[in-house]
Structures are given as C-alpha cells and as structure tokens.
Amino acid sequence: MKIGKYISLIFVLFILLSLLTGCEDEKDNSAGPDPISGPEDINNDHSAESGNLLLSNYTADRLVLYAASEKINVIPGDASDFWVFIPNPTEGVVDMSIYKLDDIWEDLENPDANGEVFKRWSVPLSNDTEVQSSVTWFVNESTAGLTSGTLVLSYIGGTENFADIYLNNHTGAKVASLKPGDQFKRFAVEYGTYTLHYRYWFSDQNNQDFPVELGWRDKELVNGNETDIYLVLNNQRQERTIYVPHYEENIVDRYGDIIITNNRSVPVVIYVGQQLIEDIMYTQEPAQNMSTIGANETQYYTLSTFPTDEYTFIAKSPTSGNELARTTITIIEGESVDWVISE
C-alpha cells in the first residue's frame, strides 16, 4: 500500500511541475521577440521589381528612406539599383529624407530624436511604375545634411549614340546614362556648382571594344563665347533643365542662328524637312511648342552647322497642316540669317 501511495504522490508532483513549467513557458512566449540590441538586428528590405524612385546607394552605410515622416525602406549598403514605390495619388512634390541606420536604429519611427538627416530631396513623384516616369537618386558619401536639387535631362532622338553625363571631370560622378529619345528624366544632385561632361558611345557587339566610345563634349557657346558647361543648383535655383546635344566628331559647338519672322495674320509651324524645328534646335530651355510662331512675331533658332549647314525650312498651317511657305538656307557658323514669311 505504501508503495502505491508513493507512486501516486510522485505522479501528482509530476503533474504540478508540468503545469508550472507550462505557465512559465507561456509567460515567456507572451513577452514577444527579443528586443533590438543593435543595427545588425534590423534586416534590409528587398528592392521592388519597379517603382517611381530608383535609389543607388554609393556609400558603405545602410540607409533608411523616409517620405515625409513615414519610414519607407531600409536600403542595403551597396551600389545596386534599389526600386521603391511611394504612393502619390496627387503626383505632387514629395519631401524625402535619408538617415544612416547606425544613427537611428534605436527609434526608427522617430529618427530626428536620435540622428541627423543625411540627405534630403523634394521632387514630384508619379503614381505609377513606368520607367520613363521614375526619378533617380544617387546617394554618395559627403557632408551630412546636404539638400539635393533636381537636374532634368533630355536627349532627343535622331542618333544611335548613347550619352553618359558626368560631374566636374571625366572620372567624376556619373549622374546618368541616356538613350536617344529620353525626355525630362529627373536626377537628384546636391546643391553646388558643377561642370557637366558628356561621354558619347554606341553599342556594337561585333566590336572587341564593346561599347565603342566616340568622344566627349565639355564646352558650349554662351553669348558667343566658348565656356565650360556649368550646372548651378541652390535654394533659389532648385531645378535645372539641360538638353544634351548630339555628338559631333572632332567638332566643338559649331552653331549658327536663323531668325524667322511671321508676317502672316495667323500662326505658322516651322519644320526642317519632316521634323519640327524644336526637335533639332539647340537650346537650354524647354523646347515644347517652340516650332510655332504667332502672327507678326519673330523667333530665333540655333542650329548646328555640322554635319550639314544647309536646311530646308517649311512653314505650315497649325490647323490644316498645309504648306504655306518654303525656303532652303545655309546656316553660317557664328552668324545669323533671316527668313520672312509673308502673306
């Protein structure tokens, strides 16, 4: 009998011990995951397949991206392309900021409490993931807190050559690679004064030296003077639009002007052959609708004299498209020629 009592007592003690252990385990599990003890406990996010922002991290640090005050992504510390989609139904300006993860890991939801902002950029964002609508932010290692302006680049079609855009010298930071037809592509560039350098190349898979470099352009004509191609960005000049010219082998900015006066009572649209003149003219300003000249108005156009200096100009009706006037004129380097369109 005594042995049976001992066995019963041991069984009861075993049951009590199991219950106590289970309660303690349940208590431990309810405490949640272990607290974050350092930035190494925070995982990188994964790049989306596409987005409205392409971010390239050229620092050795992991970064955290915010739109307004909302945390968006933890960016790995490498130079691979990282796609982000930030919903923006109004397609208005989005204020973005970047912090170094090492500075703010203790409170990712309130980064200003623990760290200093590393980069800032305010830019309109599309609300789709089309590549042509996206913007690009190159983040490099420089003084913390610098604000970025926006460089808008357009490279019109009519050539098979690609163009790479560099800052300050031929081995400086590459801002962009453009293909013919790229229009109004937006890139973040920190406030400052830079020189732009255009490297031209084409793709030839049959050539051992693939891709084939054609050459560089480093100069432009300003008020008739040859000068470096300057980019100035600051708080009063937050955005700059640049139209990248086509490559001209061994030729540096050979341009001339044509001054076209429309003496008709209605507007006219100017073509050069089959192309609108705005598609081939040289300008640092937006060229949209520059081909149209109002009644009794005069418009200046700058055209290259290389590889040809002879152009056929056609004036057409903006409504019917009928030809109203035509002339063939030689554009003279550094000089202006006139064309008057009469009734």
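Using a 4.5 Å heavy-atom threshold, the side chains of Thr327 and Thr312 count as separate. Side-chain contact between Asp112 and Tyr99 is present, with at least one heavy-atom pair separated by less than 4.5 Å. The closest side-chain heavy-atom distance from Asn44 to Ile75 is not below 4.5 Å. At least one side-chain heavy atom of Phe85 sits under 4.5 Å from a side-chain heavy atom of Asn127. Contact check for Glu190 versus Asn140: side-chain heavy atoms found under the 4.5 Å cut-off. Proximity of Lys119 to Ser97: side-chain heavy atoms (C-beta onward) are nowhere separated by under 4.5 Å. Inter-residue side-chain proximity for Asp338 and Thr261 is flagged as unmet; no heavy-atom pair is nearer than 4.5 Å. Side-chain contact between Val139 and Leu55 is present, with heavy atoms from C-beta onward closer than 4.5 Å.
A side-chain N or O of Thr150 and one of Trp121 form a donor-acceptor pair less than 3.5 Å apart. In this structure, a donor-acceptor pair under 3.5 Å is present between the side chains of Ser291 and Glu278. If you check the side chains of Thr227 and Glu220, you find no donor sitting under 3.5 Å from an acceptor. Judged purely by distance below 3.5 Å, without hydrogens or angles, the side chains of Asp81 and Ser56 pair a donor atom with an acceptor atom. For the residue pair Tyr58 / Asp78, no side-chain donor-acceptor distance below 3.5 Å is found, with atom types taken as modelled.
Residue pairs meeting the side-chain hydrogen bond (donor to acceptor under 3.5 Å, both in side chains) criterion with at least one partner in residues 85-94, sequence neighbours excluded, are absent. Counting only residues at least two apart or in different chains, side-chain hydrogen bond (donor to acceptor under 3.5 Å, both in side chains) contacts with residues 153-168 comprise Thr159-Asn161, Asp164-Ser177, Asp164-Arg199, Asp164-Trp201.
Side-chain atoms of Asn52 come within 3.5 Å of backbone atoms of Ile86 as a donor-acceptor pair (strictly under, hydrogens ignored). A donor-acceptor pair under 3.5 Å links the side-chain atoms of Asn57 to the main chain of Thr59, judged by distance alone. One N or O on the side chain of Tyr301 and one on the backbone of Met290 form a donor-acceptor pair closer than 3.5 Å. Checking side-chain atoms of Ser320 against main-chain N and O of Ser317 turns up no donor-acceptor pair under 3.5 Å. Without hydrogens or angle criteria, Asp182 side chain to Lys179 main chain gives a donor-acceptor distance under 3.5 Å. The backbone N or O of Ser37 lies less than 3.5 Å from a partner atom in the side chain of Asp41, making a donor-acceptor pair. Between the side chain of Arg217 and the backbone N or O of Tyr198, no donor-acceptor pair lies under 3.5 Å. Judged purely by atom type and a 3.5 angstrom limit, Glu343 uses its side chain to pair as donor or acceptor with the backbone of Ser265.
Under a hydrophobic-cluster definition in which Ile, Leu, Val, Met, Phe, Trp and Tyr are linked whenever side-chain heavy atoms come within less than 4.5 Å, directly or via other members, Ile242 and Tyr200 are assigned to the same cluster. Linking ILVMFWY residues whenever their side-chain heavy atoms come closer than 4.5 Å, directly or via other members, places Ile42 and Tyr66 in the same cluster. A single hydrophobic cluster is not seen to contain both Ile280 and Tyr271; linkage of ILVMFWY side chains at heavy-atom distances under 4.5 Å, directly or through other members, places them apart. The hydrophobic clustering, which links ILVMFWY residues whose side-chain heavy atoms are closer than 4.5 Å, places Val272 and Ile293 together. Residue Phe138 is grouped with residue Tyr191 when hydrophobic side chains (ILVMFWY) are merged at heavy-atom distances under 4.5 angstrom, including chains of intermediate members.
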What donor-acceptor contacts under 3.5 angstrom involve side-chain atoms of residues 229-236, with partners at least two apart or in another chain?
from	atom 1	to	atom 2	distance (Å)
Asn234	OD1	Gln236	N	2.9
Asn234	OD1	Arg237	N	2.7
Asn235	OD1	Gln238	NE2	3.1

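Shown here are the side chain to side chain donor-acceptor pair (under 3.5 Å) partners of Trp83, two or more places apart in sequence or in another chain: there are none. Taking Ala176 as the reference, Leu153, Ile165, Leu178, Phe187 meet the side chain to side chain contact (heavy atoms under 4.5 Å, CB included) condition, with sequence neighbours excluded. With sequence neighbours excluded, no residue forms a side chain to side chain donor-acceptor pair (under 3.5 Å) with Thr330.
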Verdict with supporting geometry, Leu324 and Arg264, side chain to side chain contact (heavy atoms under 4.5 Å, CB included): CA-CA 10 Å; Leu324 304 175; Arg264 299 178 67 91; 3.8 Å; yes
Side chain to side chain contact (heavy atoms under 4.5 Å, CB included) evaluation trace for Met281 with Leu303: CA-CA 5 Å; Met281 65 185 291; Leu303 299 175; 4.2 Å; yes
Residue pair Ile72, Val84: steps toward the side chain to side chain contact (heavy atoms under 4.5 Å, CB included) verdict: CA-CA 8 Å; Ile72 304 299; Val84 178; 3.6 Å; yes
Side chain to side chain contact (heavy atoms under 4.5 Å, CB included) evaluation trace for Ile258 with Phe313: CA-CA 10 Å; Ile258 181 170; Phe313 299 94; 3.5 Å; yes
Pair Arg120-Asp95, salt bridge (charged side-chain N to carboxylate O under 4.0 Å, His left out): steps then yes or no: CA-CA 7 Å; Arg120 285 194 181 97; Asp95 295 320; over 6 Å; no
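Between Tyr311 atom OH and Trp339 atom CH2 the span is 15.0 Å, to the nearest 0.5 Å. Glu335 contributes atom CD, which lies 10.5 Å from atom CG of Asp257 (distance to the nearest 0.5 angstrom). Atom-to-atom distance recorded for Ser69:OG and Glu109:CD is 9.5 Å, nearest 0.5 angstrom. In this structure, OG1 in Thr136 is found 4.5 Å from CG in Leu54, a value given to the nearest 0.5 Å. One distance of note links CG of Leu196 with CG of Asp218; it measures 10.0 Å at 0.5 Å rounding. Separating the OG atom in Ser126 from the CZ atom in Arg186 is a distance of 10.5 Å, to the nearest 0.5 Å.
Nearest approach of Leu167 to His197, heavy atoms of both residues: C-CD2, 4.3 Å. Trp137 and Ala188 get closest at one heavy-atom pair: CD1-CB, 3.3 Å. Nearest heavy-atom pair, Thr129 versus Ser50, reported as atom, atom and distance to 0.1 Å: CB-OG, 3.5 Å. In terms of heavy atoms, Leu108 sits closest to Lys71 at CB-CD, 4.0 Å. Among all heavy-atom pairs drawn from Pro267 and Thr292, the shortest one is CB-CG2, 4.1 Å. Closest approach of Arg62 to Asn43, counting heavy atoms only: NH1-C, 3.9 Å.
Separation of the His170 and Trp216 ring centroids falls under the 6.0 Å cut-off.
Checked against Val152 for a side-chain contact (heavy atoms from CB on, under 4.5 Å), the options Glu239, Lys185, Arg240, Gln183 give a single hit: Glu239.
For CD of Glu40, the number of neighbouring non-hydrogen atoms (other residues, nucleotides, ligands) closer than 6.0 Å is greater than 12.
In this structure, Lys100 satisfies the cation-pi test against Phe118, with its NZ or CZ atom closer than 6.0 Å to the six-membered ring centre and inside 45 degrees of the ring normal.
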